[in-house]
Amino acid sequence: MRRRVRDTAGAQGRSGAAAAVLAWYDTHARDLPWRRPPDPTGQAPLPDPYRIWLSEIMLQQTTVAAVAAYFKAFTERWPTVEALAAADETEVTAAWAGLGYYSRARNLHACARMVANDYGGRFPESAAELKRLPGIGDYTSAAIAAIAFGEPAPVVDGNIERVVTRLFRIGEPLPGAKPIVRAKVAEMMPGERPGDFAQAMMDIGATICVPRRPACLLCPLRPDCEAETAGDQTAYPVKAAKKAKPKRRGAAYAAFDRSGQHIWLRRRVSKGMLGGMVEVPSSQWSSRSDGATGPNGAPFAANWRKIGEVEHGFTHFDLTLEVFAAVIDETPESDGWWAKLERLGAEGLPTLMRKAIDLAIAFQESQYRL
DNA sequence: AAAACGTGGCC
DNA sequence: TGGCCAAGTTT
């Protein structure tokens, strides 16, 4: 039996589609802080695995725009995995504050310590080994292996799911269709430049094959795209229906000292919502539908006054937090510490807490002006 | 396997 | 306004 003649696009791989993708990437790659420019030769040195790993963790379910500033801050403060491993976990979670999904920060730190202590400061180079490290799953292990180590690992993220389900009109709903998508990516994989191929596919998804109004006329995969031919691009990917978000209520208690210069903070337990993060004392809003509200839910007695409410949307519920404030004369006999208002930025407050505290401070300042 | 897990931007 | 979406992982 005769073999089909192999695509003769040279280093561009076994699939014409992959060749088109790489050629597109050579002139249209996004310029991102953690990225090396496209390498048409496939011979350039690979990027620093530490920076690739850090960027990939930050980018999980998070936009490029949100990540950029954090990536800069982290790499300036901790230029190597050893430096990050030497930091306290609380420093790392504080620096992560505002980026969300805080288990990532704890896993990031744990992973840095494993790489520093168990791997001599060098990341393992295969997707299979990388996947054993905390915070690194299917996507991230493949991405690091491909981008930082040149392994032809099939990378599948949300962008690539969209591109590939359209390309092949895959009608199975996600996430069940993920193995099909991964198999298609593996089939498309070029013989060279696996890292550039992965990044190119993600860039196509992020800039051309977008959820609404995809710019198919600009797409290097247009000639191959079944959905474009059928004209039903936006019908893909098919996703399982989402559940309704419940509404929850809770309360936060902002205690100021007599000087008005300090607020009482404490650290949340490491599991669950905002795990390990700093908060103004609050009720059990994270674990019940009607978190105890009112002045009686406070961790210590004071002349609590309700000063307002803040709204905050989480992934799986919407929260209304009643905010109470009081001035107290004694340091509470409960876990926590006085934080200087001018230095709240260094405390690493998650956004929900930032909202509650901003409201409390505004109220406090309005009282002093009277 | 389904649910938990943040945040901000867009239309 | 509210739902959708963004380089997912863990349990």
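Since the model is a prediction, treat every value here as computed from it, not as a measurement. Residue numbers begin at 1 in each chain, while the letters A, B, ... track the order of the sequences.
Residue A:Met58 is out of contact with every strand shown, counting any heavy-atom pair closer than 4.0 Å. Residue-level contact check: A:Arg354 touches neither bases nor backbone, having no heavy atom under 4.0 Å from any strand. A:Gly313 comes within 4.0 angstrom of a base, heavy atoms only. Using a 4.0 Å heavy-atom criterion, one finds that A:Trp96 contacts no nucleic acid atom at all. No contact: A:Arg106 has no heavy atom under 4.0 Å from any strand. Residue-level contact check: A:Ile52 touches neither bases nor backbone, having no heavy atom under 4.0 Å from any strand. Among the protein residues, A:Gly98 comes within range of the sugar-phosphate backbone only, with heavy atoms under 4.0 Å from sugar or phosphate atoms but none that close to a base. At the heavy-atom level, A:Lys242 lies under 4.0 Å from the strands shown only through sugar-phosphate atoms. At the heavy-atom level, A:Thr315 lies under 4.0 Å from base atoms of the strands shown. Within the nucleic acid shown, A:Thr140 comes within 4.0 Å of sugar-phosphate atoms alone, with no base atom in reach, counting heavy atoms only.
Of the listed nucleotides (C:dA7, C:dT10, C:dA6), C:dA6 has the atom at the smallest distance from the side chain of A:Arg162.
Between the A:Arg248 side chain and the A:Leu319 main chain, no donor and acceptor come within less than 3.5 Å of each other.
When rounded to the nearest whole Å, the span between CG of A:Leu130 and P of C:dT9 equals 12 Å. For the pair A:Glu161 CD and C:dC5 P, the interatomic distance rounds to 12 Å; values are reported in whole Å. Atom-to-atom, CG of A:Leu133 to P of C:dG8 comes out at 19 Å; the value is rounded to the nearest Å.
Running 5' to 3' along DNA chain B, contacts with non-hydrogen atoms of chain A at under 4.0 Å begin and end at B:dA3 to B:dG8.
Between A:Arg212 and A:Glu56, the one whose closest nucleotide on DNA chain C sits nearer the 5' end is A:Arg212. Nearer to the 5' terminus of DNA chain B, by closest-nucleotide assignment, is the contact made by A:Lys243 (compared with the other of A:Leu352 and A:Lys243). Annotation: of the two residues near DNA chain C, A:Ile136 and A:Asn159, the 5′-most nearest-nucleotide partner is A:Asn159.
When all heavy atoms of A:Thr93 and A:Arg267 are compared, the pair lying nearest together is OG1-NH1, 4.1 Å.
Between A:Gln61 and C:dG8 there is a side-chain N or O to OP1 or OP2 distance below 4.0 Å.
A ring-centre distance under 6.0 Å is not found for A:Phe314 and A:His316.
The pair A:Glu89-A:Arg106 fails the salt-bridge criterion, with no side-chain N (NZ, NE, NH1 or NH2) lying under 4.0 Å from an Asp/Glu carboxylate O. A:Arg354 and A:Asp358 are joined by a salt bridge, as a carboxylate oxygen and a charged side-chain nitrogen come within less than 4.0 angstrom of each other. Here A:Asp48 does not pair with A:Arg51 in a salt bridge; the nearest charged N to carboxylate O distance is not below 4.0 Å.
Between the side chains of A:Gln60 and A:Arg104, no donor-acceptor pair is found at a separation under 3.5 Å.
With a 6.0 Å radius and a threshold of 12 heavy atoms from other residues, nucleotides or ligands, A:Arg305 has its CZ atom at or below the threshold.
The same atom, C1', is picked in C:dC4 and in B:dG6; the two are 15 Å apart, to the nearest Å.
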